[in-house]
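These notes are about the structure you will find just below.
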Amino acid sequence: MNPLFDAIVSAHQQLRPQVRVTPLERSVLLSQQLGCELYLKCDHLQHTGSFKFRGASNKLRLLDSEQRRRGVIAASTGNHGQAVALAGQLMGVGVTVYAPETAASIKLDTIRALGGTVELVPGDALNAELAGEQAARGQGKTYISPYNDEQVIAGQGTCGMELVEQLTGLDAVFVAVGGGGYIAGIGTVLRQLSPNTQLIACWPENATSMYSALEAGHIFPVEEQETLSDGTAGGVEPGAVTFPLCQQLIDRKVLVSEAEIKHAMRRIAASDRWIIEGAAGVALAAAIRLAPEFQGKKVAVVLCGKNIVLEKYLKAVADAHP
């Protein structure tokens, strides 16, 4: 028995139609150019423009009536906050989001437009998480972590359920990693239902908190640099439940440069006409890098989101080599 897998199966059944089943599409041009059968798991088409709506919806679904009445607190650089705000709006639950002062203003404006209240915190995403947790304890509200919560992970794992239902015989799945909730959910499903599929974890070279923790065997503070992949940036919370899951489930780890991320974002715009955010570019960049090892094989790249400031996106693709 695997309680997390059982929770994912339940979420997969109970969250419809609120949570979309996103398409898995074969990229004709990228498959031809790279020599492998490359499929795009289009989670950037999920509500709020990222996979985060899966976990947020599952967490709020499982609250009791008193927890719903009191409202919830989340911490986010944008995507998780938007997801919790929309899930709260749909379920009648008040939402406050703690965010770092450096978070993109368009993401914060969207949280507010969805009915959420935003509290800004100096420092990085980890500071916002710790401040959000402290506020939740003080106010008697439920704290919704972006990753350090098995109910959130179970919601994210519904992406894995869709993958195995949409295509059998995948040789590898590429997933960008921040706090590890998304890859832990997807990996739990693959280990159970498609154990021969390699789970390949992908990071930007400039933001390696979970990667460094896995390499060292323990979580510790990591100094990160600015990255296009802001959705995966930020430290890993001490004692995060995702850490042992990532240790158990990840088959391979890949780091990609900012130049590779830009190139991937430009390349998918040219081949498939998708605008994707930096975190999704990380997974695609890793797949492009490793494509020679997967000639003739079936691989999936999880496009985790599309929420990127327009000016930032245009500069990234303009700076990318063709």
Side-chain angles (χ1 to χ4, degrees), residues 19-25 27 38-58 76-84 86 104 107 110 125 146-147 152-153 155-163 166 170 172-190 199-204 207 209-211 227-234 242 246 249-250 253-254 256 260-262 264-265 267-269 272 274-288 299-309 312-313 316:
V19 172
R20 286 175 176 158
V21 174
T22 58
L24 180 67
E25 298 186 348
S27 175
L38 191 139
Y39 292 83
L40 304 170
K41 179 54 175 167
C42 298
D43 247 17
H44 64 305
L45 301 182
Q46 188 55 258
H47 295 298
T48 70
S50 88
F51 73 92
K52 295 286 191 178
F53 187 66
R54 298 176 181 275
S57 295
N58 196 52
S76 173
T77 57
N79 285 347
H80 178 61
Q82 291 177 56
V84 176
L86 177 58
K107 294 185 179 183
T110 302
Y147 59 87
V152 171
I153 296 169
Q156 318 300 30
T158 59
C159 177
M161 294 294 294
E162 292 170 21
L163 269 172
Q166 290 166 325
L170 274 168
V173 175
F174 291 79
V175 186
V177 181
Y182 198 29
I183 197 166
I186 293 171
T188 297
V189 173
L190 293 179
L199 182 62
I200 302 179
C202 316
W203 287 266
S209 288
M210 180 62 84
Y211 172 89
T227 176
L228 271 170
S229 182
D230 57 353
T232 64
T242 50
C246 287
L249 297 168
I250 290 171
K253 302 187 289 291
V254 182
V256 296
E260 287 176 297
I261 298 169
K262 291 176 183 178
M265 294 168 69
R267 193 157 180 178
I268 198 170
D272 293 86
W274 291 130
I275 291 177
I276 59 172
E277 64 184 75
V282 167
L284 180 57
I288 292 170
V299 302
V301 174
V302 179
L303 301 180
C304 55
K306 63 178 181 180
N307 295 324
I308 184 170
V309 177
K312 189 175 183 179
Y313 175 80

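Sequence positions, counted from 1, serve as the residue numbers for this chain.
Partners of Ala201 by side chain to side chain contact (heavy atoms under 4.5 Å, CB included), not counting sequence neighbours, listed by chain and number: Val177, Ile183, Trp203, Ile250. Residues that satisfy the side-chain hydrogen bond (donor to acceptor under 3.5 Å, both in side chains) test with Gln166, not counting sequence neighbours, are Lys41. Under the rule for a side chain to side chain contact (heavy atoms under 4.5 Å, CB included), the partners of Ala286 that lie at least two apart in sequence or sit in another chain are Phe174, Cys202, Val254, Val256. By the side chain to side chain contact (heavy atoms under 4.5 Å, CB included) test, Ala184 is found to be paired with Ile153, Leu245, residues two or more places apart in sequence or in another chain being considered. Applying the side-chain hydrogen bond (donor to acceptor under 3.5 Å, both in side chains) rule to Ser57 yields the partners Gln18; only residues at least two apart in sequence or on another chain are considered. By the side-chain hydrogen bond (donor to acceptor under 3.5 Å, both in side chains) test, Lys262 is found to be paired with no residue, residues two or more places apart in sequence or in another chain being considered.
Counting only heavy atoms from C-beta outward, the side chains of Met210 and Tyr147 never approach each other to under 4.5 Å. Residues Asn307 and Lys52 form no side-chain contact, since every pair of their non-hydrogen atoms from C-beta on lies 4.5 Å or further apart. Two residues are said to be in side-chain contact when any heavy atoms from C-beta on lie closer than 4.5 Å; Thr227 and Ile261 meet this criterion. Under the 4.5 Å side-chain criterion, counting only non-hydrogen atoms from C-beta, Leu249 is in contact with Thr188. The closest side-chain heavy-atom distance from Val189 to Leu163 is not below 4.5 Å.
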Next item on the list: Evaluate the side-chain contact (heavy atoms from CB on, under 4.5 Å) criterion for residues Ile268 and Leu303: first the C-alpha distance (whole Å), next the side-chain angles of each, then the deciding distance (0.1 Å), finally the verdict.
Entry: CA-CA 11 Å; Ile268 198 170; Leu303 301 180; 3.7 Å; yes

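Closest non-hydrogen pair, Ala176 versus Ala283, comes out as N-CB, 3.9 Å. The two atoms that bring Ile186 and Gly160 nearest to each other are CG1-N, 4.0 Å, heavy atoms only. Asn79 and Ser50 get closest at one heavy-atom pair: CB-OG, 3.6 Å. For Ala280 against Gly305, the heavy-atom pair with the smallest separation is CB-O, 3.7 Å. In terms of heavy atoms, Met265 sits closest to Ile276 at CE-O, 3.4 Å. The shortest heavy-atom contact between Gly281 and Ala264 is O-CB, 3.5 Å.
With Gln156 contributing its side chain and Gly55 its backbone, the two residues share a donor-acceptor pair below 3.5 Å. Looking at Ser229, its side chain never comes within 3.5 Å of a backbone N or O of Gly231 through a donor-acceptor pair.
If you take NE2 on His47 and CD on Gln82, they are separated by 13.5 Å, rounding to the nearest 0.5 Å. The CG atom of Asp43 lies 6.5 Å from the CD atom of Glu162; values are rounded to the nearest 0.5 Å. With rounding to the nearest 0.5 angstrom, the CG atom of Leu284 is 10.5 Å from the CD atom of Glu260. To the nearest 0.5 angstrom, Thr242 atom OG1 is 15.5 Å from Tyr182 atom OH. Note that the CG atom of Leu45 and the NZ atom of Lys306 stand 6.0 Å from one another [nearest 0.5 Å]. The CD atom of Gln46 sits 11.0 Å away from atom CZ of Phe51, with the distance rounded to the nearest 0.5 Å.
One side chain, Asp272 or Ser27, offers a donor N or O that lies under 3.5 Å from an acceptor on the other.
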